[in-house]
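Let me begin by presenting the structure, written as structure tokens, before commenting on it.
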Amino acid sequence: MKVQLDLDRCQGYVCCVVAAPEVFDVDDDSGLAVLREAASDPARRVEVERAVRDCPTNAISIAD
């Protein structure tokens with residue numbers, strides 16, 4: 001599983017952090033989402049799928 005984050009679409013709503021706090025964080029300078037090391041952990045797939053659904057700007061996707 002590879003999590004892809006489109007920073008051109010991200011608006012910093014932090015829905016991804018709420019859905020998957022082990023996978024996403026927010027950059028203090030830009031206010032945009034960043035991926036944590038756990039982003040490649042297949043055990044986090046359900047959380048990432050929720051973040052994909054919850055993202056209001058469709059900035060997150062999963063590539064297998």
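Worth knowing before you read on, the calculation uses all heavy atoms, side chains too, and leaves out hydrogens, waters and symmetry mates.
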Open item on the list: We want to know whether Q11 and T57 form a side-chain donor-acceptor pair, criterion being a heavy-atom distance below 3.5 angstrom.
Closed with: no
Open item on the list: Do Y13 and V52 land in one hydrophobic cluster if side-chain heavy atoms of ILVMFWY residues count as linked below 4.5 Å?
Closed with: no
Task: Heavy-atom pair with the smallest gap, counting every atom of R44 and A38 - done: CG-O, 3.9 Å
Open item on the list: I need the full list of side-chain hydrogen bond (donor to acceptor under 3.5 Å, both in side chains) pairs touching residues 14-37, with sequence neighbours left out, sorted by first then second residue.
Closed with: D25-R36, D27-S30
Task: Residue pair F24, V34: steps toward the side chain to side chain contact (heavy atoms under 4.5 Å, CB included) verdict - done: CA-CA 6 Å; F24 298 96; V34 293; over 6 Å; no
Task: D41: partners by salt bridge (charged side-chain N to carboxylate O under 4.0 Å, His left out), with sequence neighbours left out - done: none
Open item on the list: With a 4.5 Å cut-off on side-chain heavy atoms, are R9 and N58 touching?
Closed with: yes
Task: Where A19 and E47 come nearest, the two heavy atoms and their spacing - done: O-CB, 3.9 Å
Open item on the list: side chain to side chain contact (heavy atoms under 4.5 Å, CB included), that's the test. Do V26 and V17 meet it? Break it down for me.
Closed with: CA-CA 8 Å; V26 176; V17 178; 3.7 Å; yes
- [ ] Taking the side chain as every heavy atom from C-beta outward, state whether I60 and C16 have any pair of such atoms under 4.5 Å apart.
- [x] yes
Open item on the list: Please report the interatomic distance OG(S40) to NZ(K2), rounded to the nearest 0.5 Å.
Closed with: 10.5 Å
Task: E49 CD to D54 CG distance, which is reported to the nearest 0.5 Å - done: 12.0 Å
Open item on the list: Show the nearest heavy-atom pair for residues C55 and A59, with the distance to one decimal.
Closed with: SG-N, 3.3 Å
- [ ] Would you indicate whether the side-chain heavy atoms of V48 and I62 approach each other to under 4.5 Å?
- [x] yes
Open item on the list: Check for me, please, whether L32 and V18 land in the same ILVMFWY cluster - side-chain distances under 4.5 Å, paths through other members count.
Closed with: no
TODO: Using the test salt bridge (charged side-chain N to carboxylate O under 4.0 Å, His left out), find all partners of D64 that sit at least two apart in sequence or belong to another chain.
DONE: R45
